[in-house]
Amino acid sequence: MDYLKGLNEAQYEAVTALEGPLMVLAGAGSGKTRVLTMRIAHLITNLVDPFNILALTFTNKAAKEMKIRIAKVVGDSEARSLWMGTFHSVFARILRSEAHFLGFPSNFTIYDSQDSLNVIRKVLKELNIDADLYKPKKVQARISNYKNNLITVKAYFNNPELIEADERANMKQIGLIYQKYVDVCFRNGAMDFDDLLLKTNELLTRFPEILAKYQDRFRYILVDEYQDTNHSQYLIVKALASKFENICVVGDDAQSIYSFRGANILNILNFKKDYPDAKTVSLEQNYRSTQNIVNAANVVISKNVQQFKKNVFSENEKGEKIKVYRSLSDADEANFVASNIWEMHNSAQRKFTDFAILYRTNSQTRAFEDALRRKNIPYRVYGGLSFYQRKEVKDLIAYLRLLVNENDSEALTRIINYPARGIGETTQNKLIVFADSQNISVTQVLDNLGFYAPRMSLNNGILTKLSDFWSMIKAFQVMLKTENVYSVTMEVAKRSGLIKFLKDDQTPEGISRVENVQELMNSMQGFLEEQIQLDDGDASLSNFLENIALSADTQTDKNDDDTDKVSLMTIHLSKGLEFPIVHLVGLEENLFPSFMSSSTREEVEEERRLFYVALTRAEKQAFFTYAISRFQWGKITDAEPSRFLSEVDAQYLEFINPAIESRFVNHSGITSNIFDDLPSEPRFYKKKEEKKTLQRDEPVAIPQNLKPVATARIINPSGNSSQDIEVGDKVRHDRFGVGEVIFLDGTDAQNIKAKVKFQHEGMKNLILKFAKLTKI
DNA sequence: AGGCTCCGGGTTTTT
DNA sequence: CCCGGAGCCT
């Protein structure tokens with residue numbers, strides 16, 4: 001039992017206490033994944049059939065990671081027969097085989113958020129409800145919330161409190177929308193993400209024999225990131241575990257970062273109540289990070305009121321202080337990070353894979369991509385707009401979805417006239433109205449077109465088009481019975497006209513769309529090969545679709561994984577990962593913490609936990625950056641440093657902006673690469689002419705947090721000649737005309753910012769390298 | 001029918 | 001900035 005060696009006392013106990021309920025409180029970097037992995041290995045060594053083990057994770061990334069690690073210990077074949085995956089994927093799989101109990105087809109479609117939003121929009125339209133009052137996103141969030149708390153439509157209407165609450169919120173039609181939404185999904189044979197959990201609950205409560213079957217099957221249950229379970233997930237786990245109570249949950253309340261999607265931190269806080277006999281093990285030694293990093297993270301998280309007492313410590317080297325860089329703009333920030341990585345790569349012999357850039361929102365990626373690309377630093381962006389969410393990919397997938405489940409009207413409307421084949425809106429509306437009037441589905445109408453056509457006032461031309469379209473779909477379906485998914489998809493792409501349509505567009509975007517479709521074909525081929533190799537592989541189209549519906553992270557580029565690249569991702573995605581050197585960027589109020597989550601204490605605490613997660617990803621070194629102005633939402637916005645920065649005790653920090661004077665010393669050295677990066681057009685003045693909300697005589701206030709600069713160097717728009725300007729100088733700007741320099745500020749020469757009061761345009765904040773001012 | 005442009009609105013995190 | 005929708009032109 002080699003694998004037990006090298007575990008500390010607490011870890012050993014967590015790994016070897018196989019029977020009965022167990023809660024492992026695992027601080028960041030305390031070897032949580034290791035414990036889970038070893039525990040599973042230990043179970044198998046102790047002759048538990050892998051078939052009886054269920055391991056649940058939150059993200060595909062975590063599941064994948066753990067699968068690999070377990071396979072290393074117990075071998076591939078053993079690893080393969082245990083059930084491990086995200087809640088959603090595991091229960092989707094169970095629902096497939098039991099769907100008929102719930103009246104769903106086993107080939108039900110899984111709607112992603114986008115699909116479900118589309119359905120909500122349609123429902124609103126159909127019910128004639130003003131989408132301005134009922135913002136689809138808001139409606140969606142509310143419905144999701146109900147589902148995650150097991151409030152079905154029926155339960156909703158039986159609960160006066162809920163109805164009242166919605167009335168008070170001016171949302172009294174929510175119930176109706178909810179009902180209609182559920183109806184449409186049912187008719188379409190579709191489940192959304194929340195349904196996968198809700199319906200599982202329904203299955204387990206309504207059918208005791210099914211519950212018994214899975215209880216017997218999953219004798220040992222492990223749940224990772226238990227602090228992130230929502231009520232629905234909690235109940236499933238509880239139901240499944242109630243027979244044997246061999247349940248091991250692992251989590252860290254300090255890392256609960258998913259309450260926005262219903263995660264309930266009480267699930268972990270109350271574990272002892274649910275299982276009074278439960279053992280608790282705390283893993284407090286952090287093996288990942290330096291003392292400095294662990295201590296800094298601890299100081300910040302201690303500001304949270306709601307938490308377990310824990311003492312996470314590190315016995316690693318003390319380590320360097322966290323370096324803080326204050327930048328002038330998002331571009332400046334990105335350049336700093338890129339240069340920093342480049343430098344450390346060269347001088348400190350760091351591989352690019354040692355670096356991660358972590359940010360709060362996906363929209364922050366672009367600046368970093370630009371900066372890294374310019375320096376030829378290889379990188380990989382995780383998450384973001386999933387490959388499978390791209391329009392051209394979704395279009396092709398819609399065809400495939402329709403083949404598998406022809407009741408999927410979302411898929412049908414998406415492609416019935418795409419590429420254009422003369423079945424326009426008018427015709428589609430006729431079909432829908434007629435189908436509704438006959439109380440049948442559009443699919444049924446299409447199936448019996450000859451029979452219904454006379455009653456629909458469609459001309460012969462349209463009729464032919466409709467029947468051509470539908471026989472094409474039917475032909476694909478027939479093909480699916482004998483041919484593999486890859487060839488069918490190829491045929492679909494060709495015969496539907498999709499490929500040709502995309503290829504006709506020779507713009508760069510068009511070409512990339514074709515490539516994306518090609519990439520989808522590749523990933524399908526990969527899927528096919530993989531499934532064929534497995535003993536119990538399932539190479540069906542339906543399985544393929546399920547896989548992609550439940551995988552947000554796009555692992556499409558498979559030969560990509562072993563190359564040396566910098567990782568870019570949101571903090572949420574980074575959970576569970578570790579990197580020698582972490583850049584945590586965009587540390588500004590309203591960005592992190594997000595302006596959406598700064599109003600209540602609970603919200604800020606979750607943001608703080610997010611900060612904690614981010615910082616504890618770092619092994620050796622962390623960098624914090626923030627910008628004092630940021631190009632956001634189409635314009636430049638001022639920003640203040642994040643409160644979290646000031647919450648980190650200064651003893652752990654080192655501010656590394658060059659002193660103001662020193663930047664003039666090496667001025668010439670820097671200039672060479674500063675202006676190379678200039679966009680040909682100053683991007684933030686585009687199309688800003690009309691909306692003038694300028695206060696012409698705004699009092700001149702010097703921002704308190706800025707350090708004034710005496711002079712700065714500008715480049716004349718005409719050419720390369722440069723001149724110094726200082727406060728009080730009169731300057732001319734291409735668009736804004738003549739003005740007076742009120743204030744100069746900057747930390748490094750490439751990003752001096754100026755406040756200029758223009759005669760007609762009022763006060764403007766300009767970044768000199770973009771503004772192209774002339775001194776007059 | 002279909003393609004285009006203009007306009008307005010919304011911008012967090014993931015399954 | 002990015003999206004989707006409405007309305008206009010072909």
Side-chain angles (χ1 to χ4, degrees), chain A residues 56-63 85-92 110-118 121 125 131-132 135-138 141 144 147-148 191-197 225 228-230 232-233 256-263 330 358-364 366-367 382-386 388-389 391 417-428 461-462 465 501 505 546-553 569-575 586 590-598 603 606-607 609-610 613-614 630-637 683-684 686-688 690-691:
Chain A
L56 295 168
T57 63
F58 260 79
T59 58
N60 294 300
K61 204 169 236 235
T86 63
F87 274 89
H88 289 84
S89 70
V90 166
F91 295 116
I110 296 170
Y111 278 173
D112 65 22
S113 317
Q114 199 54 51
D115 299 320
S116 94
L117 207 58
N118 288 340
R121 285 208 188 95
K125 228 177 226 168
D132 283 339
K135 298 268 158 62
K137 279 245 171 80
K138 228 176 179 172
S144 169
K147 289 189 175 179
N148 284 331
M191 296 196 196
D192 64 22
F193 286 142
D194 303 318
D195 283 332
L196 297 177
L197 306 174
E225 310 282 12
D228 284 330
T229 46
N230 63 31
S232 193
Q233 292 163 322
S256 164
I257 55 173
Y258 282 106
S259 75
F260 72 92
R261 72 173 211 220
D330 45 351
L358 305 182
Y359 35 79
R360 179 65 177 82
T361 70
N362 277 309
S363 61
Q364 288 166 258
R366 172 151 306 180
Y382 291 82
L385 224 212
S386 156
Y388 298 110
Q389 309 272 351
K391 186 182 177 304
N417 197 34
Y418 184 85
R421 49 174 73 85
I423 307 172
E425 211 188 312
T426 326
T427 310
Q428 290 184 45
I462 293 286
K465 285 171 185 163
F501 180 82
D505 180 1
E546 179 177 315
N547 276 331
I548 61 177
L550 294 174
S551 78
D553 51 30
M569 66 186 85
T570 62
I571 301 167
H572 281 86
L573 264 187
S574 77
K575 188 156 77 154
N590 296 324
L591 180 60
F592 190 20
S594 158
F595 67 103
M596 301 288 289
S597 327
S598 309
E603 284 174 344
E606 174 143 321
E607 297 283 310
R609 291 191 293 269
L610 204 48
V613 168
R630 182 170 288 278
F631 185 68
Q632 228 176 355
W633 305 307
K635 58 174 191 229
I636 199 156
T637 328
R683 52 182 179 162
F684 35 85
K686 258 192 253 166
K687 279 172 73 172
K688 275 232 65 194
E690 303 88 43
K691 284 189 201 164

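Note on naming: letters A, B, ... go to the chains in the order of the sequence lines (proteins, then strands), and numbering restarts at 1 for each one.
In this structure, the nucleotide among B/dT11, B/dT14, B/dT15 sitting nearest to the side chain of A/T570 is B/dT14. Of the candidate nucleotides B/dT13, B/dG10, B/dT15, B/dT15 has the atom lying nearest to any side-chain atom of A/H88.
Atom-to-atom, CG of A/L197 to C1' of B/dT15 comes out at 8 Å; the value is rounded to the nearest Å. If you measure from atom NZ of A/K135 to atom P of C/dG4, you get 17 Å, rounded to the nearest angstrom. The distance from atom CG of A/N590 to atom P of B/dT11 is 16 Å, rounded to the nearest whole Å. Across the protein-nucleic acid pair, A/F592 atom CZ and B/dT11 atom P stand 20 Å apart, rounded to whole Å. Protein atom CD1 of A/I571 is 9 Å distant from nucleotide atom C1' of B/dT13, rounded to whole Å. Computed from coordinates, the A/N118 CG to C/dG5 C1' distance equals 13 Å when rounded to whole Å. Rounded to an integer number of Å, the gap from A/L117 CG to C/dC3 C1' is 12 Å. Computed from coordinates, the A/R121 CZ to C/dG4 P distance equals 7 Å when rounded to whole Å.
An OP1 or OP2 oxygen of B/dG10 is reached within less than 4.0 angstrom by no side-chain nitrogen or oxygen of A/K137. Put simply, A/N362 has a side-chain N or O that comes within less than 4.0 Å of OP1 or OP2 on B/dT14.
Stacking between A/Y258 and B/dT13 is absent: the aromatic ring centre is not both under 5.5 angstrom from the base six-membered ring centre and within 30 degrees in plane angle.
Taking a 6.0 Å sphere around NZ of A/K138, one finds it holds 12 or fewer heavy atoms contributed by other residues, nucleotides or ligands.
Taking 3.5 Å as the limit, the base of B/dT15 and the side chain of A/S113 contain a donor-acceptor pair of atoms between them. If you check distances only, the side chain of A/R360 does reach the base of B/dT13 with a donor-acceptor pair under 3.5 Å.
A distance below 6.0 Å separates the ring centres of A/H572 and A/F260. Side-chain rings of A/F501 and A/Y418 approach one another, their centers coming within less than 6.0 Å.
Using bins of under 30°, 30° to 60° and over 60° for the plane-to-plane angle, the ring pair A/Y258/A/F58 lands in the parallel bin.
By the side chain to side chain donor-acceptor pair (under 3.5 Å) test, A/S116 is found to be paired with A/Q140, residues two or more places apart in sequence or in another chain being considered. Judged as a salt bridge (charged side-chain N to carboxylate O under 4.0 Å, His left out), and not counting sequence neighbours, the contacts of A/E225 are A/K32, A/K575.
At a threshold of 4.0 angstrom between heavy atoms, the contacts of A/F58 are confined to the sugar-phosphate backbone, with no base atom among them.
Salt-bridge check for A/D228 with A/R261: failed, with every basic side-chain N at 4.0 Å or more from each acidic carboxylate O.
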Dump every N/O contact between nucleotides 1-6 of chain B and the protein below 3.5 Å, one line per pair.
unit_1 : atom_1 : unit_2 : atom_2 : d
B/dA1  : OP1    : A/T427 : OG1    : 2.4
B/dA1  : OP2    : A/T426 : OG1    : 3.1
B/dG2  : OP1    : A/G422 : N      : 2.8
B/dG2  : OP2    : A/N417 : ND2    : 2.6

